[in-house]
Amino acid sequence: MSWRERRQRDGPRVRSARRLWPVASTRSVAGQMFVLQVLIVLLLVVAAAATLLLQARSDRFDAARDRSLAAAEAFSHSPGLPEVMRGPDPSAVLQPAAEAVRRQGGVDFLVVMNRDGIRYTHPDPSLIGKKFVGTIEPSLNGHVTVEDVNGPLGEELQVVVPVTDRGRVVGMVSSGLKVSSVSSAVDQQLPLVLGAGAAALVLATGGTALVTRRLRRQTHGLGPAEMTQMYEHHDAVLHAVREGVVIVSGDGRLLLANDEARRLLELPPDVEGRDVSTLGLDPRMAELLVSRRLATDEVIPVGERLLAVNNRPTDRGGGPPGSVATLRDSTELQKLAGKAEVARGRLRLLYDASVAIGTTLDVQHTAEELAEVAAPRFADYVSVDLAEPVLRGEEPRTVVGSEAPELRRVALSGVRDDHPLYRAGEVHRFAAPTPQATGFVSGHAVLVPDLKASSGWRTQDTARTQAIMDFGFHSLITVPLKARGVLMGIVNFWRAGDSSTFEEDDLSLAEELTARAAVSIDNARRFTREHAMAVTLQHSLLPRGLPEQNAVDIAYRYLPAQAGVGGDWFDVIPLPGARVALVVGDVVGHGLHAAATMGRLRTAVQNFSALDLPPDELLGHLDELVGRIDQEADDGEATIAGATCLYAIYDPAAGVCSLARAGHPLPALVLPDGTVEFPELPAGPPLGLGGLPFEAAELQLAEHSSLVLFTDGLIEDRKRDIDAGLEILRSTLAHPDRSPQDTCEAVLGALLPARQSDDIALLVARTRVLEPDRTAEWELATDPAVVGRARADVTRQLTEWGLDEAVFTTELILSELITNAIRHASGPIRVRLLRDRALICEVSDTSSTSPHLRYAAAEDEGGRGLFLVAQLAERWGTRYTPEGKVIWAEQPLP
C-alpha cells in the first residue's frame, strides 16, 4: 500500500496522532532513527546513573568501615583494658567508657567481649552478658574481621579487633554501623543523580525529536521498504489507470503524461519537457492546463470525445508551482445517464408506492392510493377493478373458463376527466379475447404496446374502444391483482397522447407496483371480513331494543370503532319495585375476543341483577367472575383484566339513584336548571384486578334530571385529552330542554372524532318520579290480628285505584306474605303497594332469612303459602336491604 493510500485510509485520526507525538510509527525511517537515538541516550544516562550510585555506595561503605575500624582499634589499645577485663565486674567499668567512645566516634555500637564472645558492653544494656552475633574466629587468631551481619540492631556493618596482652588475645572489641545508616547518605544523593539523568534524557530526546521531525517531513513517514516499493511501482500504477494524468510545471512545460492521457489528447511520444502551447491541443484544454485554476468535472470537447477534466494546483500545500490534471472520457457516460435517470425514477416510484399504498385497512382507499401513485408518473391513466366479494371482505370464486367475472371499478386516476374509460363505481365484465380477461384468467400480466395493431381488446365494446382510440390511448399494460394465490381483480395502466409506448421494462415495474398493492388490498379485505364478523357478533350481543319501564326516559347511541370492534356495552334492566338498572361497560382490546368477552360480561350482569343485588355487591361478584375467567384462560389467550363498568339503580318511588363504578369514567348529571355535574363516586379498581372492595354512593335526583353514562371513547381522542373532552361534554349537556334523543345527537355532533379509533357507548336517562297517589304504605305490628286490617286497607286502596278485579288475588298474596313475615321475622313489618306498569305488592321485615318455594307433603300443616303466591303472581322474589329483606310480587294490571 502506497503512502498516499495509507494517508487517505487513516485520515484525520492519524494526522491528529502525529501532531500529538512526532513519531507515529517505527515503520518509518524517521521513527526508526528516533527510537534508535532515544535508546542510545537512555542507555548512556542509565549507565552513568548506575555508575554514580555504585561509586557513591562504595565510598560510603569504605568510610563506614574506616570509622568503625578506627573506633574499635582505639578502644582495644586503651591502657589497662586487659586488667579491667580480668577484673571482677568488667561491664561496670567498660560500659560507660564504651558508650562515650561510641558517641564520639559516630558509630552505632561498640561492644567489648571476652574470648568466648560474651558481651561486656552494648548500647542496649539488656544484651550485656549475651553472646556476640558475628564471626570472631579470625580475631582470636589476631586478625581484624569486617563483615555484614543481622545483629540485635538489624543489618549491620561491623569490625572485630582483638585485644592482646603480652602477645596473647584476651578479648575483642567490635564496632560498626547499621546498613540503613550507611544507605541514608547515598539516598540523599539519589534525587540529584536521577534529576541530572532525566535532564540529560530530555535534552537528548528533544534534540533527537527535532532532527526526526525534519526527516519525517522529507520521507512522508515512509519506511525504507515502502519508499523503494513506491518508486518501483510508480510508473506501473501511473500508466495502468484508466484515467489520464497530466502534470504541468509553473512555467507551462509538460512534466508528465501517462498512457491514458496520451491516448485521450493524441500526444506525440516526446512530449515531456515541451511547452503545452506547442503540443497542438484544443485551445480550451491548453488554457486550462497552464492556468493552474481549480476545475472539477469540467467537460471539454476534444475531437469526438467529451473529456471530464479535474485540475488542481500543486503549490497549495507548500509544493512546487504547477498543476495536476486528470482526464476522464465521459462520452459513454452521457449515453448511460439517461438510462440511469430512468432507473432512478422507477426506484423512487417504488419507494413512494411502498409508503403511500396501504396506509389504511380500507379496500377502496387502498385501490385509490395505487391509482394516484402510478398516474401520471408511470402511466397517464390507471384503473383498478375488483370482484364484488372482495369489497365485502370475501374471497372471489375461482375463475372457470376463459371469461373474467363481473368486476366493479373502484378507482380511476388520470391526467384528464373527459376520458371514455369506465367510471369509478361502474360494473362491467371483460370479454374473453380482451387482454384484461386474458390476464385475469391466466394470472399473468399482459403488455399491449400498440393498441392500434391489436384487435382482441376491441371485442369488449366497439363504440367505447373506438372512442378510446380517438381520445389518444395507444398503449396498455394489464396486471391481475393476486395475493396468496387469490385473484381479486385487475389493474390497467394506459398511456395516451405524446407519452412513450410501454416496453418490457415497464411491464416488470407495473407488476411490482401491483404486487405491493395486492398485498395491501388483501390485508384490507381480510380486515373487512373480520371487522364485519366482529360487528355482527357485537350487535348480536348488544340490546336489540329498550325494555318497557316507567322509571326513566331512555335514549342511547352505540358506534363501533372504524379500525376494529371493541368491547363497549350498555344495558337497561328493569328491576322489581318499578326500579331500573343502568349499565355501561368497556372491555380492553379490540376484535372478536373483546366482543365475545363483552357478551359474557353483559350476560353476567343481567344474571346478577336478577338477584337484585346492590351496585357495589354486584360489581364485587362481577370482579370475581372476571378473575376466574382469566385464571382459566390458556397461555396464548388474552386476559380481560382491566375491563371497566358503571352500574346504577334508580328508584322512581324515592327519587334515589345508587351507583358504583369499577374503573369507569364518572357519569354526567344534568339538573333541571341546566347545571351539569360530574358527581364524585368512589373509584373502584377495574374488573379482574381484585384486592379492593367496591363502594356505592346514593344521589337524590329531582324529577327530569338526566343521568348520562358513557365510555371513554366519547371523551378521549388522540388529538384531545380527557379534560378537554369533559369540558366539551359539559357545555353540550347544558341544555335541559332537549329530549334524550336530541341530547345524544348533540353530544355525538360535538365529540365524535373524524377518525374514530375506539367504540362509543352513550346512554341518556331522564328521570321520572312515581306520583304519591300511586303508592300506598302501612306499618304493621308482629301480631296475627293485623292481617285482617291489612286486607281491609288493601281492598280500600285498590278500590280507589279502580282495580276491583285485583282485590281478591292481592288479598290472598298479601295475607300469605304478611303471615310468613309474622311467623319467621321479628320487628315491625311494612307493606307497600305500587301501581306502575304492574301492581306490585311488597312486604318488608327485619329478618335476612329468605323464604324458599317447596312442595308440601300431604301431612304438612304449612309450606303452601309461597306456592300459592307463585301461582297467583306473575313474578315474585326477594331483595335484601340494610335493615332486612323485602318480599315482592307483581301482578299484571287488568
Side-chain angles (χ1 to χ4, degrees), residues 533-547 554 556-561 564-575 580-634 637-649 658-667 681 683-696 709-714 758-763 765:
M533 292 173 58
V535 170
T536 302
L537 174 62
Q538 186 183 52
H539 282 292
S540 67
L541 297 175
L542 288 172
R544 301 294 180 89
L546 295 177
I554 292 290
Y556 69 92
R557 293 292 186 275
Y558 188 90
L559 301 178
V565 174
D568 294 12
W569 92 92
F570 69 94
D571 219 335
V572 179
I573 306 172
L575 298 178
V580 65
L582 307 175
V583 191
V584 172
D586 186 2
V587 176
V588 294
H590 293 82
L592 291 174
H593 179 267
T597 303
M598 175 269 292
R600 298 174 72 178
L601 294 184
R602 178 172 177 258
T603 302
V605 170
Q606 289 180 335
N607 292 334
F608 289 143
S609 65
L611 301 177
D612 211 348
L613 299 175
D616 51 342
E617 294 185 19
L618 185 142
L619 291 181
H621 289 294
L622 192 63
D623 180 67
E624 293 179 3
L625 174 64
V626 172
R628 288 196 300 270
I629 293 175
D630 286 343
Q631 291 176 0
E632 296 171 359
D634 296 334
E637 185 178 353
T639 61
I640 60 176
T644 65
C645 183
L646 175 62
Y647 187 82
I649 297 178
S658 179
L659 306 94
R661 63 185 181 122
H664 202 79
L666 292 170
L681 304 180
L687 298 175
L689 300 184
L692 293 176
F694 297 95
E695 298 181 46
L709 284 65
F710 52 87
T711 55
D712 57 358
L714 178 68
D758 195 6
D759 289 7
I760 294 177
L762 175 63
L763 189 65

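Heads up: numbering here begins at 1 and tracks the sequence. Since this is a predicted model, take the numbers as computed values, not measurements. Any value given below was found using the heavy atoms of this structure, including those in side chains, with hydrogens, waters and symmetry copies removed.
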Original post:
Do His664 and Val584 come within less than 4.5 Å of each other through their side chains, counting heavy atoms only?
Top reply: yes
**OP:** With the side chain counted from C-beta on, respond yes when Asp568 and Met598 share a heavy-atom pair under 4.5 Å apart, and no when they do not.
**Re:** no
Original post:
Stepwise, does the side-chain contact (heavy atoms from CB on, under 4.5 Å) test hold for Leu762 with Tyr558?
Top reply: CA-CA 6 Å; Leu762 175 63; Tyr558 188 90; over 6 Å; no
Original post:
Got a sec, which pairs hit salt bridge (charged side-chain N to carboxylate O under 4.0 Å, His left out) with one end in residues 613-625, sequence neighbours left out?
Top reply: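 Found none.
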Original post:
Got a second to check how far Arg557's CZ is from Ile760's CD1, nearest 0.5 Å?
Top reply: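 Answer for the CZ-CD1 pair, Arg557 versus Ile760, is 12.5 Å.
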Locate the shortest heavy-atom distance separating [X] from [Y]; write the atom from each residue and the value.
X: Gly663; Y: Thr644; answer: O-CG2, 3.2 Å
X: Leu601; Y: Ala643; answer: CD1-CB, 4.1 Å
X: Ala660; Y: Leu646; answer: O-CD1, 3.3 Å
X: Cys645; Y: Leu687; answer: CB-CD1, 4.1 Å
X: Phe570; Y: Leu763; answer: CD1-CD1, 4.1 Å

**OP:** Please report the C-alpha distance between Trp569 and Val583 in whole Å, then the side-chain angles of each, then the deciding distance to 0.1 Å, and finally whether the side-chain contact (heavy atoms from CB on, under 4.5 Å) criterion is met.
**Re:** CA-CA 8 Å; Trp569 92 92; Val583 191; 4.1 Å; yes
Name every donor-acceptor pair, under 3.5 Å, that has one atom in a side chain of residues 603-612 and the other anywhere in the protein, sequence neighbours excluded.
from: Thr603; atom 1: OG1; to: Gly599; atom 2: O; distance (Å): 2.8
from: Gln606; atom 1: NE2; to: Asp571; atom 2: OD2; distance (Å): 3.0
from: Asn607; atom 1: ND2; to: Thr603; atom 2: O; distance (Å): 3.3
from: Ser609; atom 1: OG; to: Val605; atom 2: O; distance (Å): 3.2
from: Ser609; atom 1: OG; to: Gln606; atom 2: O; distance (Å): 2.7
from: Asp612; atom 1: OD1; to: Arg579; atom 2: NH1; distance (Å): 3.4
from: Asp612; atom 1: OD1; to: Arg579; atom 2: NH2; distance (Å): 2.7
from: Asp612; atom 1: OD2; to: Arg579; atom 2: NH2; distance (Å): 2.6

Original post:
Just by modelled atom types, is the Ala761 backbone N or O under 3.5 Å from a matching donor or acceptor in the Thr711 side chain?
Top reply: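 Here the side-chain-to-backbone pair exists.
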Subject >> Ala662 backbone acceptor or donor facing Tyr647 side chain under 3.5 Å >> reply: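 Judged by distance alone, no pair lies under 3.5 Å.
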**OP:** Test Val580 against Ile649 for side-chain contact (heavy atoms from CB on, under 4.5 Å), laying out the working first.
**Re:** CA-CA 6 Å; Val580 65; Ile649 297 178; over 6 Å; no
Original post:
Which one of Val626, Ile629, Val587 satisfies the side chain to side chain contact (heavy atoms under 4.5 Å, CB included) criterion with Thr597?
Top reply: Val587
